[in-house]
Every structure is written in C-alpha cells, then in structure tokens.
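Reminder, nothing fancy here: chain letters follow the sequence lines and each chain counts from 1.
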Number of protein chains: 2
Amino acid sequence: MSPNIGTVWSDSIEHLTEKQTSVTAMSQHRKTPVQVETVEPAACSVDLRLSILQKVPFFSDLPDAEIRTLNDQFREYGFQPGEPIYFSGEKAATLYVVASGQVKLLRHSMSGQDVLLDILKPGDYFGSLTTLADELYPDTAQAHTAVCVLSIQTEAFRTLLQQYPPVALTVLDITARRLQETQEIVRRLSADSVEQRIAAVLLKLAQKLGEISDEGILIQMPLSRDDLAQMTGTTTETASRIISQFQKEGLVHSGRKWIVITGRPGLKMIAAAADTV
Amino acid sequence: MSPNIGTVWSDSIEHLTEKQTSVTAMSQHRKTPVQVETVEPAACSVDLRLSILQKVPFFSDLPDAEIRTLNDQFREYGFQPGEPIYFSGEKAATLYVVASGQVKLLRHSMSGQDVLLDILKPGDYFGSLTTLADELYPDTAQAHTAVCVLSIQTEAFRTLLQQYPPVALTVLDITARRLQETQEIVRRLSADSVEQRIAAVLLKLAQKLGEISDEGILIQMPLSRDDLAQMTGTTTETASRIISQFQKEGLVHSGRKWIVITGRPGLKMIAAAADTV
DNA sequence: CGCTACGTTGATCGCACTCAAGTATAGTGG
DNA sequence: CCACTATACTTGAGTGCGATCAACGTAGCG
C-alpha cells in the first residue's frame with residue numbers, strides 16, 4: 001500500500017559557512033553565539049541595494065542595465081525586531097524582498113494562538129504576488145531580527161514579469177518549491193509526533209541558516225522555545241521538554257534563544273523514525 | 001497581540017449548480033446521490049480535448065489557433081478509480097491536467113499513514129512544473145474516480161510559458177493561491193480541534209464541488225470517512241464519530257461515501273469557533 | 001446471497017495540553 | 001559594577017482529547 005517514501009530535498013550541509021568561533025572566548029557557550037546584528041539604520045538605505053537585488057534569485061538572470069532601472073522601482077524600509085511589516089486582513093498590493101535580517105510569516109487563530117509558517121532570509125520574497133480582486137493579506141509579516149526590506153507594487157512587479165519571462169519562471173519555481181515544502185509540513189502535522197516534528201524543524205533550520213562551529217552546527221538566528229512551538233504546532237512547555245530531552249541525549253546544545261546541533265545523525269533518525277523498536 | 005483575523009476566500013455558494021434531484025425517486029437518500037461517472041474509455045480520447053484545453057484556466061487567454069497547436073503537445077490517458085497516476089519517488093518530468101473525474105494528491109508516511117493533500121477537479125494541474133535537477137515526485141497522484149488526464153512534458157510546458165507570459169502569470173497565480181490554501185491547512189492542523197477541521201473541510205468541499213439539492217448542498221464526489229480522516233489528520237473512527245455527531249445536530253445528512261450539508265451556518269460556526277461557551 | 005469494504009460504537013490508553021510554581025539569563029538603571 | 005526586573009526556560013502534577021483496539025452493523029457488488 002505504501003510505495004517509495006522519501007524526501008526530495010538535498011540533504012547536504014556542504015554549503016554552510018564555516019565560521020570557527022574562537023574556543024577560548026566561549027568554550028562553554030555561556031552567552032548567545034548567535035550574531036545579533038546591531039542595526040545602524042543607515043545599513044539599510046545604502047546603495048548596496050543594487051548588489052542586493054542582484055543576489056535575489058529571480059533577478060540574477062537579468063542584465064545589469066535592467067537591474068539598474070529596476071532599482072528605481074523599489075523602495076526600502078527598515079524594521080525593528082518584533083515590528084509588523086504588514087498585518088493579516090490589510091489590503092494587499094505590495095511585494096517585499098528581504099534585504100537583510102529575518103522575517104517571520106505567521107497566521108493568527110481565534111484562540112489567540114499564532115502559527116509560524118516560515119522564516120525568511122535575505123533574498124526571499126513575501127507579500128502579494130497576485131492582483132486578483134482586492135485581496136487581503138492572509139498572513140502577517142513581522143520582523144524577527146532587525147531587517148531591511150525592499151518593496152515594489154504588485155502591479156509593477158507583474159508588468160516586470162511579463163517583460164522578462166525567465167524571471168517569471170524563476171518566481172514560479174520558487175513558489176512551487178514553497179508549496180512542496182508546506183505540503184510536507186502538512187504531512188508532518190498529520191502523521192508525526194511532536195518529537196519528530198521538532199527534530200525535523202531543527203534539521204531544516206540548520207540546513208537553511210546553519211553555521212559550522214566547533215561544537216556542531218549553530219542555527220544562526222535567535223530561536224526561542226516558543227518559536228519552535230509555533231513552528232511545530234505544539235506548546236512552549238512541550239517544546240522545552242523535548243529540547244531538554246535532546247540535550248540529555250547529546251543531540252543538541254542549547255541556551256536562551258540559541259541552539260547548536262551536536263548530533264545530526266541522531267536527529268535524522270528521530271525525524272524519519274518508523275518507530276522500529 | 002492578535003490583529004485582524006479573517007479568511008480571504010470568497011464565501012459564496014452562488015456558483016453552485018442547482019440540480020434538483022427528483023424527490024420521488026430518492027426522498028430518503030437510500031442510495032448514493034453522488035453521480036458515479038460510468039467510464040466509457042472512449043469518453044476520454046474523444047477530440048473534445050480542444051474544448052477541455054480551453055476550459056483550463058491558464059490557457060483560456062490563448063488565441064484559438066494556438067490552442068490547436070498546443071493540443072498536439074498533449075497526450076491523454078485514462079485511469080480507473082484507485083489507480084495511481086504516478087508514485088512519490090518516481091522521476092518527475094511530466095505535467096498533468098485533469099480533463100474529467102477527480103484526482104487525489106497524497107503523501108505517504110513511514111508509519112503507513114497516508115495524508116490527503118488535495119482533491120483535484122477538471123481543469124486543475126498537477127505533477128511537475130519545475131525541471132530543476134532530476135527531481136522526484138514528492139507526492140503520489142491517484143485516480144479517485146474514473147479520470148481522464150492530459151499530459152505534457154515539463155520541458156515543453158516551460159517553453160510554452162516562456163512564449164506566452166500571460167499564461168505563465170496565470171499559472172503563478174494558481175500556484176500562489178494553492179500555497180495560501182495549504183498554509184491555511186497548516187494553521188488549522190496546528191491550532192484547531194478535529195471537529196473544527198472536519199467542519200472546515202466539509203465547507204471547502206461544498207464550495208468546490210457542491211451541488212444544490214432539496215435537502216441542502218450535496219458534495220458531488222464519493223467521500224468516505226477515511227478520506228475525511230486523511231484530509232484532516234485524524235483517524236477513520238474519529239471522523240466517523242464527528243460526522244455522527246453532526247448528523248444528530250442536523251448539520252449534515254450522510255450515507256456510505258456521500259455527504260449532504262444541511263446546516264451550513266452551523267458548520268461555519270463550528271469551523272470558526274473561538275469556543276466562547 | 002454471501003462476501004467485502006465501509007461505517008458505527010464502546011472501552012481503554014497515552015501523548016500532549018493545561019495550570020502552576022520555580023530557576024536562569026540578559027538586559028536596565030542606579 | 002551590581003542589584004533589579006523582565007523575559008525566557010524548566011519541571012511537576014493532573015487532565016482530556018483523540019488514538020488504539022475490538023466487535024459488530026450495513027450497504028453494495030459480483
């Protein structure tokens with residue numbers, strides 16, 4: 001009844017930056033190893049916008065001259081940690097691109113519970129792609145760290161896509177991939193235990209934001225138990241218990257808002273587990 | 001802390017076909033009111049392919065002449081209920097469009113549990129949009145009823161999108177919308193009770209496949225308790241209990257593989273419920 | 001007309017939520 | 001620099017929702 005099962009996503013961590021944190025300075029990780037980008041508000045408005053736009057996956061195909069023209073279409077904004085970029089229910093007519101920092105994408109429930117759908121890093125887009133009807137944002141975007149975002153009117157962006165079909169195809173690819181990833185989350189929420197889900201999320205974050213340190217792979221972002229809980233559909237307390245357990249088993253090393261993965265293979269076992277005891 | 005909350009999707013049922021089932025014939029719904037399309041295998045290969053292609057949302061913009069050329073690029077296949085169209089893990093290089101019938105999109109878990117991600121109806125696409133790397137299907141597509149599908153090589157489809165930017169944009173719109181819908185499912189799985197999720201799924205199916213009958217809105221498809229369970233991340237038994245309960249409360253009328261919604265407002269209350277007792 | 005798949009209902013169990021109290025960390029201001 | 005406070009994290013005890021196991025009805029098909 002059940003055929004081939006397997007994750008499609010590449011599983012390597014070879015792309016990770018190797019930033020050997022000096023052992024002498026923090027051998028025991030007493031303080032956050034996560035780099036807290038101090039924001040000079042200037043850092044955002046500088047005209048390295050061009051270089052940022054070039055790094056955005058879907059513009060990398062464009063000729064330089066075009067990127068220069070394109071640059072004028074964008075405006076940039078800075079946000080402090082926790083600040084909302086837009087709220088669910090607001091009228092949606094703007095597309096954003098993360099220039100620096102991290103952005104949380106979340107949905108609210110009547111119960112007051114928030115669900116964290118995704119954490120975006122530089123180069124990722126969010127906001128409104130579509131101009132259909134007078135759409136509203138279904139989710140809320142919130143600055144997770146200090147961020148700088150570039151924005152463009154959806155309308156203008158679509159004109160641009162019409163002009164450059166290859167760009168449109170790249171945007172489609174990214175969106176299709178996100179759909180796949182979200183469907184995998186649905187599967188996990190439907191079929192896996194909390195323990196498995198948390199292991200899986202840690203691995204995914206490590207792949208996305210991991211940085212090799214002497215201890216293992218540091219997830220380079222402030223990550224609270226509550227963030228983890230909101231990503232895996234559980235509670236802060238349960239997330240905390242699971243992380244404590246992982247720590248006892250030597251799979252992770254964690255402190256206040258930071259996690260280092262010290263046993264990737266072990267976590268992978270748990271995340272995949274068919275519970276063959 | 002929690003701002004505007006609201007569903008974005010249109011909530012009307014005005015588009016539903018009104019097919020008054022003769023009261024005399026089945027006043028008590030002893031047999032399935034769902035139309036079981038008997039498949040003459042010929043029904044698929046007829047050259048109403050053209051008219052089908054025109055109905056596909058993303059080709060409707062194209063000039064007739066183009067559709068005719070396009071027609072040659074497609075091949076058609078028929079499948080019996082339960083037959084797989086492709087399996088997860090297989091190499092992915094084909095894009096499909098449902099011509100008639102319904103197709104299940106599902107993911108398998110190690111535990112043996114299957115998760116039903118979506119049910120596609122005529123005009124919906126599925127399969128591989130992207131040619132990145134030698135991708136594998138992350139999900140399985142299975143004929144739910146007798147179906148006819150049109151298929152095209154992903155490569156050819158992409159060439160086509162390059163040629164007709166408006167088509168590419170429409171495909172992007174559809175994909176973006178599916179992403180939104182899937183994210184809403186993630187939210188429900190994370191934050192809502194099984195009862196709420198089932199109510200929500202029934203309403204969504206009614207909106208998608210509903211047909212107005214004398215009793216209420218008939219969900220025009222074979223729909224077992226197990227299907228419902230796989231769509232809401234629960235078990236057959238629990239799904240059955242909830243439907244029984246809904247039936248006692250007069251919200252639905254149901255039999256073997258069919259459901260009529262008799263109390264839409266009540267279901268909406270439950271699906272939205274902030275549990276204000 | 002019997003077989004098979006679907007559906008129902010009951011009893012029991014366990015994972016994860018809830019409520020609650022306590023500890024540790026990192027910023028803050030004196 | 002250190003007390004002070006806010007926020008994050010931890011851990012325990014009790015509970016309940018929904019899964020599991022099991023047995024039995026029922027529709028539809030060959």
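- The distance from atom CD of B:Q102 to atom CG of B:L223, rounded to the nearest 0.5 Å, is 9.5 Å.
- The bend of the helix from C:dC1-D:dG30 to C:dG30-D:dC1, defined by the angle between the axes of its first five and last five pairs, stands at 40° to the nearest 10°.
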Determine all donor-acceptor pairs shorter than 3.5 Å in which one atom belongs to a side chain in residues 115-123 of chain A; sequence neighbours excluded.
{"unit_1": "A:D118", "atom_1": "OD1", "unit_2": "A:K208", "atom_2": "NZ", "d": "3.3"}
{"unit_1": "A:K121", "atom_1": "NZ", "unit_2": "A:K208", "atom_2": "O", "d": "2.9"}

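- If you measure from atom NE2 of A:H253 to atom P of D:dC9, you get 14 Å, rounded to the nearest angstrom.
- Between the CG atom of A:D226 and the P atom of D:dA8 there is a distance of 8 Å, rounded to whole Å.
- Side-chain contact between A:L228 and A:L202 is present, with heavy atoms from C-beta onward closer than 4.5 Å.
- Atom-to-atom, CZ of A:R188 to C1' of C:dA16 comes out at 18 Å; the value is rounded to the nearest Å.
- A:Q245 is linked by a side chain to side chain donor-acceptor pair (under 3.5 Å) to A:E195, A:E249, counting only residues two or more places apart in sequence or in another chain.
- The distance from the CD1 atom of A:I261 to the NZ atom of A:K268 is 10.5 Å, given to the nearest 0.5 Å.
- Judged by distance alone, the side chain of A:T262 and the main-chain N or O of A:L251 form a donor-acceptor pair under 3.5 Å.
- Distance CH2 (B:W258) to C1' (D:dA27): 12 Å, rounded to an integer number of Å.
- If you measure from atom NZ of B:K257 to atom C1' of D:dC29, you get 13 Å, rounded to the nearest angstrom.
- For A:T182, there are no side chain to side chain donor-acceptor pair (under 3.5 Å) partners two or more places apart in sequence or in a different chain.
- In this structure, A:I243 CD1 and A:K248 NZ are separated by 12.5 Å, a value rounded to the nearest 0.5 Å.
- A heavy atom closer than 4.0 Å to some atom of DNA chain D occurs in B:G233, B:T234, B:T235, B:E237, B:T238, B:R241, these being the qualifying members of residues 233-249 of chain B.
- Atom CD of B:Q113 is separated from atom C1' of D:dT20 by 12 Å (rounded to the nearest Å).
- Counting to the nearest Å, the P atom of C:dA16 and the CG atom of A:L228 are 15 Å from each other.
- Across all strands shown, B:R256 has heavy atoms under 4.0 Å from base atoms, whether or not it also approaches the sugar-phosphate.
- Among residues two or more places apart in sequence or in another chain, the side chain to side chain donor-acceptor pair (under 3.5 Å) test is passed with B:Y96 by none.
- Here the P atom of nucleotide D:dA8 and the CG atom of A:D227 are 9 Å apart, to the nearest Å.
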